[in-house]
Amino acid sequence: KILVTGALGQIGTELVMKLREVYGADQVIATDLKSSAHEITRSGPFELLDVTNDKAMFDIANKYQVDTVIHLAALLSATAEEKPLLAWNLNMGGLMNALEVSRELGCQFFTPSSIGAFGPTTPKDNTPQDTIQRPNTMYGVNKVSGELLCDYYFHKYGLDTRGLRFPGLISYMTPPGGGTTDYAVEIYYAAVTAGKYTSYIAKDTNMDMMYMPDALEAIIDLMEADSSRLSHRNSFNVTAMSVDPEAIAAEIRKQMPDFTLDYQIDPVRQGIAESWPHSIDATAAKTEWGFKAQYDLEAMTKDMLVQLGKKGELFKRGVS
Ligand code: VAH
């Protein structure tokens, strides 16, 4: 059985639905700080959980006798920069609790890292798997610390910890909250609802991105990979494309010729974006466990606009 924290977040909502499809609904215990009307609170076990409460987390993991913990609950980069102390307490306190529960119950463990784990002194083009990591954001400090902590639990206790350095994730089901790469999700919503978008990230600011279906596949493929093949664990570079706002807009215009893009730069999130790589190298993931992204910018854009169009139709008909 699999315990998922942060189950109502951008990754969590889709990952829980996918895991329930693959392993069976009753095998996946979804948890989050509060409940919602989302179907995952009804399509299988759902529990309220504040990940900073170690006893509550242990009690749920023990009640369901889970053998896998997927820890997603965290504050993203922009929010973490606004509230650094809260970010440290939640991102690191929650991670430590999840690692301790996994150690006590002997669970396999996954938590995401991010391209945010790299900083201004990291080589920015085709960033290597193993390279300097001196991020200057609280989120980046959390992610590097998290990678080191997860590797520590593997070397010290033999805990089977695995992680992925995710790029910006694009999805149409649950929007991200408080991220720097959120513009790349908002632009599609804005295209469908308004035919135009004002980007807070500047033209020519290239960042790695990936479509959510590829991210979900990567989590499952990594967790099912033969442990003896892994020479890295926390965490693998994975990416599908490196884009800036203009590249996304140009792809949208192939479907919606009248779409317009303009800019109103947010200095905080622009500053965070500029401290991150332009593109990262995913060779280690490809060779050690066969990582392969299916969606490039063209395929992702086509699917996003179709799915959001359908969502728009449902919304107009008053279907949530
Ligand atoms: C963020 N979406 O923007 C997250 C992610 C690489 C970006 O870490 O903070």
Side-chain angles (χ1 to χ4, degrees), residues 6 8-15 71-84 86-88 90-92 94-95 110-120 122 124 127 129 133 135-147 150 163-189 199-202 205-212 214-216 218-219 234-245 248 265-282 285 293 300 304:
L8 292 174
Q10 183 196 11
I11 301 174
T13 41
E14 296 200 50
L15 183 62
H71 179 60
L72 305 176
L75 295 183
L76 295 183
S77 56
T79 307
E81 215 45 38
E82 254 175 71
K83 303 171 185 162
L86 173 64
W88 178 267
L90 170 53
N91 290 350
M92 303 319 294
L95 175 60
F110 175 87
T111 198
S113 180
S114 160
I115 58 171
F118 297 118
T122 302
K124 286 197 175 308
T127 302
Q129 175 65 43
Q133 293 177 259
N136 58 0
T137 65
M138 173 50 83
Y139 181 73
V141 168
N142 296 159
K143 288 303 178 186
V144 173
S145 310
E147 290 186 7
C150 292
L164 297 170
R165 285 179 192 143
F166 277 135
L169 298 182
I170 315 294
S171 61
Y172 58 85
M173 285 197 192
T174 306
T180 295
T181 60
D182 297 3
Y183 90 87
V185 180
E186 293 170 2
I187 192 169
Y188 288 104
Y189 279 76
S199 173
Y200 59 78
I201 292 292
T205 308
N206 277 289
M207 286 187 274
D208 287 278
M209 301 284 172
M210 183 151 66
Y211 200 29
M212 186 61 80
D214 282 331
L216 304 181
I219 294 172
N234 304 283
S235 301
F236 286 90
N237 288 1
V238 284
T239 182
M241 63 193 87
S242 168
V243 293
D244 81 317
I248 300 177
I265 308 307
D266 166 6
V268 173
R269 287 183 287 184
Q270 183 62 26
I272 294 173
E274 287 173 2
S275 74
W276 292 352
H278 300 145
S279 62
I280 65 174
D281 173 41
M300 175 174 77
M304 276 294 279

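Along the sequence shown, the residues carry numbers beginning at 1. Indexing begins at 1, ligand by ligand and atom by atom, following the structure's order.
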Problem set entry | Side chains of Thr205 and Gln270, donor plus acceptor under 3.5 Å | yes
For this session: For Ser114, counting its heavy atoms only, list the atoms of ligand 1 lying under 4.0 Å from any of them.
Result: 5 (C), 6 (C), 8 (O)
For this session: Considering only non-hydrogen protein atoms, determine which one is nearest to atom 9 (O) of ligand 1 and report residue, atom name and distance to 0.1 Å.
Result: Ser77 OG, 2.6 Å
Exercise. Nearest protein heavy atom to atom 5 (C) of ligand 1, by residue and atom, and its distance?
Worked result: Tyr139 OH, 3.8 Å
Problem set entry | Donor on one side chain, acceptor on other, Ser171 and Gln10, under 3.5 Å | yes
For this session: For Leu76, take its heavy atoms, then give the atoms of ligand 1 lying under 4.0 Å from any of them.
Result: 9 (O)
Exercise. Would Glu81 and Arg269 pass as an ion pair if we require N to O under 4.0 Å?
Worked result: no
Seminar exercise, completed: At under 4.0 Å between heavy atoms, what of Phe166 touches ligand 1? The answer is backbone
Seminar exercise, completed: Counting heavy atoms under 4.0 Å, the part of Pro167 that contacts ligand 1 is backbone
Problem set entry | Option of least heavy-atom distance to atom 7 (C) of ligand 1 (set: Thr181, Thr180, Thr239) | Thr181
For this session: Give the atoms of ligand 1, by number and element, whose distance to some non-hydrogen atom of Gly168 is under 4.0 Å.
Result: 6 (C)
Exercise. Quick one: which ligand 1 atoms are inside 4.0 Å of a heavy atom on Ile115?
Worked result: 6 (C)
Seminar exercise, completed: Heavy-atom closest pair (Asp182 atom, Tyr200 atom, distance to 0.1 Å) is N-OH, 3.2 Å
For this session: Answer yes or no: does an N/O atom from Trp276 fall short of 3.5 Å to an N/O atom of ligand 1?
Result: no
For this session: Provide the closest heavy-atom pair for Met210 versus Ala215 in the form atom of the first, atom of the second, distance.
Result: CE-CA, 4.0 Å
Exercise. Of the non-hydrogen atoms in Val185 and Leu169, which two are nearest, and what is the gap between them?
Worked result: CG2-O, 3.5 Å
Problem set entry | Heavy-atom pair of closest approach, residues Leu75 and Ala87 | CD1-CA, 3.8 Å
